[in-house]
Amino acid sequence: MSRQVVTRFAPSPTGMLHIGGVRTALFCWLYARRHGGRFILRIEDTDLSRSTDDNIRIIEEGMAWCGLDWDEGPVVGDPGAWKGPHGPYRQMQRMDLYRAKIQELLDRGLAYRCRCSKEVLEARRKAVEAAGKVFQYNRGMDAGKGCADAHHNASLPCAIRFRMPTAGDIVVDDLIKGETRFPAESLDDWIIARTGEAPGEIGVPTYNFCVVVDDTHMEVTHVIRGDDHLNNTPKQIPLFRALGYELPAFAHVPMILGKDGAKLSKRHGATSITEYQAMGLLPSAVRLALARLSWTPKIAGRAVETAEEEILTDEQMIQLFDLGDCQKSAARFDMDKLEWMNQKLIQRASWEELEPHLRPFMPVAWVGRSDDFKRRAIQATQKGKSLVEMAEALRFAFERPAAFNEKAAEKFLTPAVKPALAEVRGLADYTHAGLEAGFNAILAKHGLKTKDLAQALRVALCGKPVSPGIFDTLMLVGRDEVAARLEPWL
RNA sequence: GGGGCUAUCGUCUAGGGGUCAGGACACCGCCCUUUCACGGCGGUAACACGGGUUCAAAUCCCGUUAGCCCUACCA
């Protein structure tokens with residue numbers, strides 16, 4: 001009987017929530033949902049100098065916008081609150097647990113105090129490297145001297161190091177990368193707690209220590225994280241054992257790179273999830289695009305084949321998700337594909353689904369319009385690549401053109417169409433069928449082609465020769481306003 | 001320097017001994033068309049390099065190169 005699957009996303013609040021993090025979170029979320037398990041959000045704020053409450057808020061809001069709901073973790077907007085049985089979910093609020101565990105290791109001789117200063121360490125490192133050797137703390141290099149037997153000496157503030165195995169391989173069995181071996185002699189006695197304030201005090205524990213304690217106490221069964229942590233795993237495994245903890249399963253997901261193959265950074269344009277929101281992307285499109293980086297869904301054992309199959313719903317992703325179908329190598333982020341997916345998702349959504357997402361991009365007057373108006377407006381522009389594009393395409397329905405495209409005006413607003421234009425003011429039946437009938441009658445009477453009148457109307461009504469279908473355009477402007485906008489051209 | 005991970009069209013990838021190396025995005029062309037789009041059809045384009053193993057290698061092995069990660073009292 002296997003335990004319920006539990007995954008966690010554990011960001012450190014030292015900056016924006018960027019898409020690499022979102023992707024990792026997405027994999028954790030998909031895996032938990034796929035297996036009917038729980039998904040935890042845990043804030044790793046032990047880097048006091050860089051962590052801020054503001055960044056925590058940004059993470060929570062970003063996750064929420066992305067639809068990555070967590071079953072356990074902080075409560076948005078309330079630093080003191082959390083949901084779930086293993087809280088708190090901010091590491092700085094879990095110090096008592098960590099200190100107790102460190103004391104236990106100290107008592108059992110599995111960790112020891114070290115009072116070497118950063119300067120001393122640096123000097124030793126230089127000396128050892130100058131001799132062409134590899135510097136490792138207390139790996140035979142100065143065993144029996146200095147700090148190795150200073151663990152009885154609590155008269156000075158000390159950092160605390162974990163005693164690592166000195167021989168053999170540490171093997172990491174990874175669900176994505178496979179089995180990897182790390183020679184024990186390549187690792188050293190790493191610091192599990194920083195130097196305390198006072199002699200004998202245990203300082204703030206470090207990342208690699210807290211993760212092990214938290215993942216165990218929060219009953220995490222699958223540690224899914226970025227593959228920059230693969231190298232940390234052989235440090236953590238001996239600690240799991242020292243603490244008598246059961247090992248979780250590990251899955252290290254490949255990084256996301258910029259378009260040029262370099263690590264994602266500001267110069268690649270948008271990297272924070274907030275920017276994607278502002279670009280008019282649907283959260284579902286972001287989820288899909290991010291999920292499809294390094295993951296190829298297999299339908300009945302076969303990779304997705306057609307464009308149609310590429311556009312997966314959340315339900316399909318959840319049902320299909322499998323760490324075994326993940327790529328081992330890093331992937332470059334492709335904005336073109338994201339936009340394509342966004343467009344496809346916009347196209348297949350109902351207008352009711354789209355409306356809440358479109359609303360923030362629309363003028364205030366939008367909210368007051370009727371459902372019927374909203375439906376027509378959305379359906380008329382539902383081919384757009386983004387919500388921003390849709391909103392832009394609908395501007396004419398809310399404001400008169402600020403300027404007119406001169407070339408287009410000259411080309412289409414000819415003396416020949418003006419009589420027809422004048423008659424358009426008389427059209428009374430503003431339904432699609434009604435407009436079409438009236439429009440065609442005017443065309444026939446004046447011997448014009450559809451294009452002649454349609455383009456002339458677009459320029460007069462919208463200021464430019466581009467707009468939704470001409471009947472939709474008329475309906476969205478509305479009868480009275482059509483007459484008003486036409487007047488100056490007659 | 002040491003340790004680790006990775007390598008198929010421009011990009012995301014399928015394929016894991018015998019394939020015309022398949023698909024998607026992007027790009028190009030044609031068609032459709034009341035504009036812009038959408039849509040339809042078609043096209044260009046890849047196994048990093050060098051050695052093995054084998055009748056046969058993109059696929060297995062070794063090496064090289066390149067990129068990335070760890071090597072912090074960051075996470």
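Computed from a predicted structure; not experimentally measured. Atom set for the values below is all heavy atoms of this structure, side chains included, hydrogens, waters and symmetry mates excluded.
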Give me the distance, rounded to whole Å, that separates B:U54 from B:G15 when you measure between the P atoms they each carry. 28 Å
Under-4.0 Å salt bridge between A:Glu310 and A:Lys344: no
So what does A:Asp452 touch, heavy atoms closer than 4.0 Å: a base, only the sugar-phosphate, or nothing? nothing
Quick one: label A:Gly469 by what it contacts on the DNA or RNA (base, sugar-phosphate, nothing), any heavy atom closer than 4.0 Å. base
Would you call A:Glu44 and A:Arg8 a salt bridge, using N to O less than 4.0 angstrom? no
Spacing between A:Trp190 atom CH2 and B:A75 atom P, to the nearest angstrom: 11 Å
What is the glycosidic conformation of B:C62: syn, defined as within 90° of 0, or anti? anti
Gap in Å between the two P atoms, one belonging to B:U34 and one to B:G42, rounded: 25 Å
Run the ring-ring contact (aromatic ring centres under 6.0 Å, His included) test against A:Trp295 and tell me which residues pass, sequence neighbours left out. A:Phe321
Can you name the salt bridge (charged side-chain N to carboxylate O under 4.0 Å, His left out) partners of A:Lys235, sequence neighbours left out? none
Rounding to an integer number of angstrom, what distance separates B:C60 and B:A24 when you compare their C1' atoms? 30 Å
Watson-Crick or G-U wobble partner of B:C20, both distances under 3.5 Å: none
Among residues at least two apart in sequence or on other chains, which ones pass salt bridge (charged side-chain N to carboxylate O under 4.0 Å, His left out) with A:Asp228? none
Checking A:Arg479 now: which residues fulfil salt bridge (charged side-chain N to carboxylate O under 4.0 Å, His left out) with it, not counting sequence neighbours? none
Rounded distance [0.5 Å steps], CG in A:Asp173 versus CG in A:Leu247: 9.5 Å
Tabulate atom names and distances for all N/O pairs under 3.5 angstrom spanning the protein and nucleotides 38-48 of chain B.
unit_1: B:C38; atom_1: O3'; unit_2: A:Gln347; atom_2: NE2; d: 3.4
unit_1: B:G39; atom_1: OP1; unit_2: A:Lys344; atom_2: NZ; d: 2.6

Given side chains that start at C-beta, do those of A:Leu239 and A:Asn208 come closer than 4.5 Å, heavy atoms only? no
Would you kindly give the CG-to-C1' distance between A:Asn208 and B:C74, to the nearest whole Å? 10 Å
Using atom P of each nucleotide, how far apart are B:C74 and B:U11 to the nearest Å? 38 Å
Expressed in whole Å, how much space separates the P atoms belonging to B:A14 and B:G43? 24 Å
Show me the donor-acceptor pairs within less than 3.5 Å that the side chains of residues 191-198 of chain A make with the rest of the protein, sequence neighbours left out.
unit_1: A:Arg194; atom_1: NH1; unit_2: A:Val204; atom_2: O; d: 3.3
unit_1: A:Arg194; atom_1: NH1; unit_2: A:Pro205; atom_2: O; d: 3.1

Of all heavy-atom pairs between A:Gln91 and A:Thr46, which one has the smallest distance, and what is that distance? OE1-CG2, 3.6 Å
Which protein N or O atoms sit under 3.5 Å from an N or O of nucleotides 30-33 of chain B?
none

Residue that, paired with A:His252, satisfies side-chain hydrogen bond (donor to acceptor under 3.5 Å, both in side chains) out of A:Lys177, A:His229, A:Arg225: A:Arg225
Using a 4.0 Å heavy-atom cut-off, does A:Asn232 contact any base of the nucleic acid, only the sugar-phosphate backbone, or nothing at all? base
Is A:His252 touching bases, backbone alone, or none of the nucleic acid, heavy atoms closer than 4.0 Å? nothing
If we call it a pair only when both distances are under 3.5 Å in a Watson-Crick or G-U wobble match, what pairs with B:A58? none
What is the pairing partner of B:C47, taking Watson-Crick or G-U wobble pairs with both distances under 3.5 Å in any strand? none
Base partner of B:G29, which must satisfy Watson-Crick or wobble distances under 3.5 Å: B:C41
Report yes if the distance between the aromatic ring centroids of A:Phe27 and A:His222 is under 6.0 Å, otherwise no. no
Which part of the nucleic acid, if any, lies within contact of A:Ser49, taking any heavy atom under 4.0 Å across all strands shown: a base, the sugar-phosphate backbone alone, or nothing? nothing
Do A:Arg99 and A:Ile102 have side chains that get closer than 4.5 Å, going by heavy atoms? no
Distance between the P atoms of B:A37 and B:G29, in whole angstroms? 13 Å
Distance between the P atoms of B:C9 and B:G1, in whole angstroms? 28 Å
Hey, is A:Asp314 close enough to A:Arg287 for a salt bridge, meaning N to O under 4.0 Å? yes
Nucleotide by nucleotide, 5' to 3', does protein get under 4.0 Å of the base (B), only the sugar-phosphate (S), or neither (-) in nucleotides 9-19 of chain B, counting heavy atoms? --SBSSS----
Atom pair distance, as rounded to whole Å: CG in A:Leu17 and P in B:A75: 19 Å
Test side chain to side chain donor-acceptor pair (under 3.5 Å) on A:Gln455 and A:Arg458; report intermediate values, then the result. CA-CA 5 Å; A:Gln455 288 305 81; A:Arg458 285 193 169 95; 2.8 Å; yes
Given atom OH of A:Tyr207 and atom P of B:C70, what is their separation to the nearest angstrom? 11 Å
Expressed in whole Å, how much space separates the P atoms belonging to B:A58 and B:C49? 10 Å
Could you list, one pair per line, each protein nitrogen or oxygen that sits under 3.5 Å from a nitrogen or oxygen of nucleotides 3-5 of chain B, together with the distance?
unit_1: B:G3; atom_1: N2; unit_2: A:Asn231; atom_2: OD1; d: 2.7
unit_1: B:C5; atom_1: O2'; unit_2: A:Lys177; atom_2: NZ; d: 2.9

Assess whether a salt bridge exists between A:Arg42 and A:Asp215, defined as any Lys/Arg side-chain N lying under 4.0 Å from an Asp/Glu carboxylate O. yes
Below 4.0 angstrom, which residues in residues 460-468 of chain A have at least one non-hydrogen atom near RNA chain B? A:Pro465, A:Val466, A:Ser467, A:Pro468
Is B:A72 paired to anything, Watson-Crick or G-U wobble with both distances less than 3.5 Å, and if yes, which nucleotide? none
Would A:Ile311 and A:Trp340 satisfy side-chain contact (heavy atoms from CB on, under 4.5 Å), going step by step from the backbone distance to the final call? CA-CA 10 Å; A:Ile311 307 301; A:Trp340 173 73; 3.9 Å; yes
Any idea which heavy atoms bring A:Leu421 and A:Leu453 closest together, and the distance? CD1-CD1, 3.7 Å
Output a table of nitrogen or oxygen pairs between the protein and nucleotides 63-65 of chain B separated by less than 3.5 Å.
none

Salt bridge (charged side-chain N to carboxylate O under 4.0 Å, His left out) partners of A:Asp47, counting only residues at least two apart: A:Arg50
In terms of the nearest nucleotide of RNA chain B, which residue is placed more toward the 5' end: A:Ala454 or A:Gly261? A:Ala454
Using Watson-Crick or G-U wobble geometry with both distances under 3.5 Å, which nucleotide pairs with B:C5? B:G67
Would you call A:Arg292 and A:Asp334 a salt bridge, using N to O less than 4.0 angstrom? no
Whole-Å distance between B:C73 C1' and A:Ile192 CD1? 12 Å
Would you mind classifying the nucleic acid contact of A:Lys449 as base, sugar-phosphate or nothing, using non-hydrogen atoms under 4.0 angstrom? nothing
Output the distance between atom OG1 (A:Thr381) and atom CH2 (A:Trp351), rounded to the nearest 0.5 Å. 12.5 Å
